[in-house]
Colleague: 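Attaching a single structure in structure tokens format; questions to follow.
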Amino acid sequence: MTSHGDFSPQARERAERTVLVAEIFGDHAELIVARLPDVPEGSVLVAVVDAEHSFSGTHHVEQTELHARVVELEADGAWAMVFSYPATAEDVRRRAADYASTARKRAEVIDRIIARRAASDE
């Protein structure tokens, strides 16, 4: 049987943390949107939640440096989401809810696969 993906307990735990982090981004939607008008042309706003699940702020990042900068910002277990003007608070909350929903589904899939594997080992 071929396995595609990581269905480990660590992957499930990461999915659960993703749900929590997505909710934190959604909780800070107004703050994120309030910072968007100040983003210079050619840049985006990157919001960050740290490894302890605290909102740690926003950063203006040039689009040409986005990948490298997000990698830096996510170091040490942090999480980043990218936003651009003219997003609304509702847009931010919707994206955060979609992110959480996808993570919940991932956790459910992992649970089903683990249960199926356990049943076949009996």
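Fair warning: this is a prediction, and the values are worked out from it, not measured in the lab. By convention here, the first residue in the shown sequence is residue 1.
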Colleague: Go through the structure and list residues passing side chain to side chain donor-acceptor pair (under 3.5 Å) with T18, not counting sequence neighbours.
Modeller: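 Checked T18 against side chain to side chain donor-acceptor pair (under 3.5 Å); zero matches.
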Colleague: Can you list everything that forms a side-chain contact (heavy atoms from CB on, under 4.5 Å) with R69? Sequence neighbours excluded, please.
Modeller: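 Testing R69 for side-chain contact (heavy atoms from CB on, under 4.5 Å), a comparison that skips the adjacent residues, returns H59, V61, E72, L73.
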Colleague: R95: which residues meet the side chain to side chain donor-acceptor pair (under 3.5 Å) condition with it, sequence neighbours left out?
Modeller: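 R95 satisfies side chain to side chain donor-acceptor pair (under 3.5 Å) with no residue once adjacent residues are dropped.
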Colleague: Which residue pairs pass the ring pair (Phe, Tyr, Trp, His ring centres under 6.0 Å) test when at least one of the two sits in residues 9-50, sequence neighbours left out?
Modeller: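 Found H28-F55.
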Colleague: Are S8 and Q10 close enough that a side-chain donor and a side-chain acceptor fall under 3.5 Å?
Modeller: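 Yes, a side-chain donor-acceptor pair sits under 3.5 Å.
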Colleague: For the hydrophobic clusters of this structure (ILVMFWY residues joined by side-chain heavy atoms under 4.5 Å, transitively), does one cluster hold both L31 and V46?
Modeller: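 No, L31 and V46 fall in different hydrophobic clusters.
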Colleague: Work out which heavy atom in M81 is nearest to a heavy atom in A96; give both atom names and the distance.
Modeller: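 Where M81 meets A96 most closely, the heavy atoms are CE-N, 4.4 Å.
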Colleague: Given side chain to side chain contact (heavy atoms under 4.5 Å, CB included), test H60 with L45 step by step and report yes or no.
Modeller: CA-CA 5 Å; H60 299 174; L45 187 75; 3.7 Å; yes
Colleague: Salt-bridge test for D38 and R35: reply yes if a basic N is under 4.0 Å from a carboxylate O, no otherwise.
Modeller: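 No, D38 and R35 are not salt-bridged.
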Colleague: Taking all non-hydrogen atoms of both residues, which atom of V44 and which atom of S84 are closest, and how far apart?
Modeller: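 Distance-wise, the nearest heavy atoms are CG1-CB, 4.3 Å.
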Colleague: Nearest heavy-atom pair of V109 and F7: which atoms, and what distance?
Modeller: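 The pair with the smallest heavy-atom distance is CG1-CE2, 4.4 Å.
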Colleague: Does W79 belong to the same Ile/Leu/Val/Met/Phe/Trp/Tyr cluster as V19, with side-chain heavy atoms less than 4.5 Å apart forming each link?
Modeller: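 No, because W79 and V19 fall into different hydrophobic clusters, even though each may have its own neighbours under 4.5 Å.
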Colleague: Would you call E30 and R93 a salt bridge, using N to O less than 4.0 angstrom?
Modeller: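 Result for this pair is yes, salt bridge flagged.
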Colleague: Check this for me: does any side-chain nitrogen of one of R104 and E108 sit under 4.0 Å from a carboxylate oxygen of the other?
Modeller: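 A salt bridge is absent here (no side-chain N lies under 4.0 Å from a carboxylate O).
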Colleague: Once salt bridge (charged side-chain N to carboxylate O under 4.0 Å, His left out) is applied, do any residues pair with E62, and if so which ones, sequence neighbours excluded?
Modeller: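 None.
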Colleague: Report yes or no: does T58 contribute a side-chain atom to a donor-acceptor pair with the main-chain N or O of I32 at less than 3.5 Å?
Modeller: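 Not at all, since once roles are kept as given, no pair shorter than 3.5 Å links the two residues.
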Colleague: Any idea which heavy atoms bring V92 and V33 closest together, and the distance?
Modeller: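 Closest approach of V92 to V33: CG2-CG2, 3.8 Å.
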Colleague: Evaluate E13 against R17 for salt bridge (Lys or Arg N to Asp or Glu O under 4.0 Å), listing each step before the verdict.
Modeller: CA-CA 6 Å; E13 179 183 325; R17 283 194 326 266; 3.1 Å; yes
Colleague: Looking at E16 and A107, what are the two nearest heavy atoms and their distance?
Modeller: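 Of all heavy-atom pairs spanning E16 and A107, the closest is OE2-CB, 3.5 Å.
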Colleague: Taking atom CD of E41 as the centre, does the number of heavy atoms from other residues, nucleotides or ligands within less than 6.0 Å exceed 12?
Modeller: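 At most 12 heavy atoms, drawn from other residues, nucleotides or ligands, come within 6.0 Å of this atom.
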Colleague: Please, which pairs that meet ring pair (Phe, Tyr, Trp, His ring centres under 6.0 Å) have at least one residue in residues 85-120, sequence neighbours excluded?
Modeller: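 Counting only pairs at least two positions apart or across chains, no ring pair (Phe, Tyr, Trp, His ring centres under 6.0 Å) contact touches residues 85-120.
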Colleague: Check P86 against D91 and note the closest heavy-atom contact, atom names and distance.
Modeller: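 Heavy-atom minimum between the residues: O-OD2, 4.3 Å.
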Colleague: Spell out, yes or no, whether I24 and V48 are grouped together once hydrophobic residues are joined by side-chain heavy atoms under 4.5 Å, including indirect joins.
Modeller: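 No, because I24 and V48 fall into different hydrophobic clusters, even though each may have its own neighbours under 4.5 Å.
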